[in-house]
A.B. asks: 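Following this message is one structure expressed as structure tokens.
Below, each value reflects all heavy atoms present in this structure, side chains not excepted, and no hydrogens, waters or symmetry copies. Start at 1 and go down the list; that is how both ligands and their atoms are numbered.
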Amino acid sequence: MKKTILTGDRPTGSLHIGHYLGSLKQRVALQDEYHCYIEIADVQALTDNFNNPKKVRDNVREVAKDYLAVGLDPNKVTIFVQSMIPEIAELTVYYSNLVTIARLYRNPTVKGEIEQKKHLFGEDGSSLTYGFLGYPVSQAADITAFNADLIPVGEDQLPMIEQTREIVRRFNNIYGETLTEPEALVGKVGRLKGLDGNNKMGKSLGNAIFLSDSEEIVNQKIANAITDPDKIKKDDPANPDVCMVYYYHKIFSEDNLPTICEECKKGLRGCVACKKELAKNLNDFLEPIRNKRKYYDENPEEVDKILQEGTNKAREKAIETMARVRESMQIDYDFTKRP
Ligand code: TRP
């Protein structure tokens with residue numbers, strides 16, 4: 001029997017090449033082998049963007065177009081919008097009884113995010129919301145609503161999957177075997193660094209190359225990328241290991257890599273030419289993605305149809321799960337029937 005995969009993204013911005021290498025590529029590769037559900041996690045996005053609903057709304061279609069542009073096939077994968085599946089919210093309520101507040105505070109990903117979002121949750125965390133602290137519970141609902149077996153994610157999401165597994169075990173223990181315990185499938189590619197050398201390429205960090213970036217923008221971004229600061233003149237020898245351009249060459253210029261490395265070390269390659277070579281390779285990689293995206297930009301009704309049909313299909317599955325959960329929890333009342 002085909003296993004089920006579930007993944008998702010928060011619609012807070014367009015997706016970038018870090019998302020592609022870290023996750024989208026695997027999803028495209030797995031779409032034939034598995035039942036794939038892909039969630040546009042707008043409810044989760046609202047947990048730290050509750051004061052900016054327009055941003056979340058506007059990015060739902062953008063993320064959907066990114067999915068379609070990289071080759072996720074709507075005939076194979078079910079793309080859906082989280083807020084349109086009320087069963088996820090319902091499950092979240094029931095699961096919230098099975099998680100302690102202390103446990104949520106211990107989730108390292110949540111902890112890190114609270115630390116990063118002081119502007120929102122306060123220097124001392126005193127403005128932390130119940131919704132944000134509890135989003136791992138909602139993520140457990142995302143996953144279990146579809147009986148997902150496997151969750152392809154980056155390392156940063158492992159604590160979420162662990163917490164989901166705990167909720168599932170506790171639920172099954174108390175109410176009887178009902179939910180599927182998922183496993184994480186961690187991609188081999190680690191996190192992609194940003195153009196500025198930051199450890200993370202981030203939607204909001206201003207250091208990303210987006211899948212939807214035009215050729216000119218890619219050229220410009222690469223032209224501004226950080227190189228070896230000790231290299232002053234064009235023919236100075238340099239250290240590729242401290243150069244972001246070389247870091248991306250390692251991914252996008254595999255064929256020519258030994259030459260690039262050697263020329264750089266010997267001072268035979270100026271940074272301008274080196275950047276041009278990288279920009280060309282990146283543009284070659286992005287071109288088919290841009291073309292597909294253009295098609296969906298020009299046919300927005302098709303995107304909407306895909307989202308509506310995906311959501312309908314996902315909802316059917318979630319309704320099934322909800323019925324089983326209600327039965328296990330003994331809240332499957334029907335007052336039209338006598339016992
Ligand atoms: N938390 C994930 C992220 O920030 C997004 C997400 C929401 C997700 N629901 C999910 C990922 C379910 C995997 C499974 O990237």
Side-chain angles (χ1 to χ4, degrees), residues 3-16 18-24 26-27 30 34-49 55-56 59-60 62-64 66-67 72 77-85 87-89 91-92 95 104 107-114 116-117 131-168 179-187 189-192 200-205 208 310-311 314 317-318 321:
K3 288 197 169 184
T4 299
I5 278 184
L6 181 133
T7 50
D9 297 279
R10 299 180 190 181
T12 53
S14 293
L15 302 181
H16 52 62
H19 292 116
Y20 180 79
L21 296 168
S23 163
L24 296 171
Q26 279 76 274
R27 296 183 204 174
L30 295 169
Y34 294 88
H35 292 295
C36 289
Y37 288 90
I38 303 188
E39 177 184 270
I40 303 183
D42 60 338
V43 176
Q44 190 176 114
L46 283 165
T47 61
D48 60 345
N49 289 281
K55 171 169 142 193
V56 175
N59 279 300
V60 167
E62 290 310 304
V63 168
D66 284 332
Y67 288 161
L72 286 168
V77 303
T78 306
I79 302 173
F80 68 97
V81 179
Q82 186 184 11
S83 63
M84 292 172 79
I85 314 279
E87 288 72 24
I88 295 177
L91 287 171
T92 305
Y95 295 169
L104 288 166
N107 182 311
T109 302
V110 173
K111 224 176 176 168
E113 285 176 299
I114 296 169
Q116 273 169 28
K117 296 173 202 287
F132 189 81
L133 182 66
Y135 92 73
V137 184
S138 156
Q139 191 159 330
D142 297 341
I143 293 169
T144 54
F146 306 96
N147 288 328
D149 302 290
L150 281 177
I151 318 297
V153 282
E155 295 242 343
D156 63 312
Q157 292 294 304
L158 286 178
M160 298 298 159
I161 313 306
E162 191 44 46
Q163 207 157 6
T164 301
R165 288 164 61 90
E166 284 173 33
I167 291 170
V168 167
L179 303 171
T180 307
E181 192 172 325
E183 267 175 62
L185 187 68
V186 183
V189 193
R191 166 174 285 183
L192 192 69
K200 185 180 174 192
M201 182 172 278
K203 282 178 218 163
S204 54
L205 299 171
T311 301
K317 186 83 189 166
T321 304

A.B. asks: Will you find, in the side chains of Q82 and Q44, an N or O donor that is under 3.5 Å from an N or O acceptor?
C.D. replies: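 No - no donor-acceptor pair under 3.5 Å links their side chains.
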A.B. asks: Which residue and atom name correspond to the protein heavy atom nearest atom 9 (N) of ligand 1, and how close is it?
C.D. replies: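 Heavy-atom neighbour on the protein nearest atom 9 (N) of ligand 1: D142 OD2, 2.8 Å.
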A.B. asks: Side chains of D9 and Y67: do they bring a donor and an acceptor to under 3.5 Å?
C.D. replies: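 Yes, Y67 and D9 have a side-chain donor paired with an acceptor closer than 3.5 Å.
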A.B. asks: Check whether the side chains of Y95 and S138 place a donor and an acceptor atom closer than 3.5 Å, and report yes or no.
C.D. replies: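 Side-chain D/A pair, Y95 to S138: absent.
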A.B. asks: Considering only non-hydrogen protein atoms, determine which one is nearest to atom 12 (C) of ligand 1 and report residue, atom name and distance to 0.1 Å.
C.D. replies: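 In this structure, atom 12 (C) of ligand 1 has L6 CD2, 3.5 Å as its nearest protein heavy atom.
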A.B. asks: Checking a contact table here: which protein heavy atom is nearest atom 15 (O) of ligand 1, and how many Å away?
C.D. replies: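 Protein heavy atom with the smallest distance to atom 15 (O) of ligand 1: Q157 NE2, 4.0 Å.
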A.B. asks: One residue to check: M160. Relative to ligand 1, which of side chain, backbone, both or neither has a non-hydrogen atom less than 4.0 Å away?
C.D. replies: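 Neither; no heavy atom under 4.0 Å.
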A.B. asks: Any salt bridge linking D42 with K55? Criterion: basic side-chain nitrogen under 4.0 Å from a carboxylate oxygen.
C.D. replies: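 Salt bridge flag = no for K55 with D42.
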A.B. asks: Heavy-atom contacts with E39 under 4.0 Å: which atoms of ligand 1 show up? List them by number with element.
C.D. replies: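 That gives atoms 7 (C), 9 (N) of ligand 1.
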A.B. asks: Is atom CD of E162 surrounded by more than 12 heavy atoms (other residues, nucleotides or ligands) closer than 6.0 Å?
C.D. replies: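 Atom CD in E162 is packed in, count exceeds 12.
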A.B. asks: Give the atoms of ligand 1, by number and element, whose distance to some non-hydrogen atom of I151 is under 4.0 Å.
C.D. replies: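 Per the distance check, 13 (C), 14 (C).
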A.B. asks: Looking at R10 and D48, does any basic side-chain N land under 4.0 Å from a carboxylate oxygen?
C.D. replies: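 Salt bridge flag = yes for D48 with R10.
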A.B. asks: Do the side chains of L104 and V110 get nearer than 4.5 Å, heavy atoms only?
C.D. replies: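 In short, these two side chains do not touch, never coming nearer than 4.5 Å.
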A.B. asks: Quick one: which of H19, Q44, Q82, R10 has a heavy atom closest to atom 7 (C) of ligand 1?
C.D. replies: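 Nearest option to atom 7 (C) of ligand 1, by heavy atoms: Q44.
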A.B. asks: For A41, take its heavy atoms, then give the atoms of ligand 1 lying under 4.0 Å from any of them.
C.D. replies: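 Those atoms are 7 (C).
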A.B. asks: So which heavy atom in the protein is nearest atom 8 (C) of ligand 1, and how far is it from that ligand atom?
C.D. replies: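 Protein heavy atom at minimum distance: Q139 NE2, 3.4 Å.
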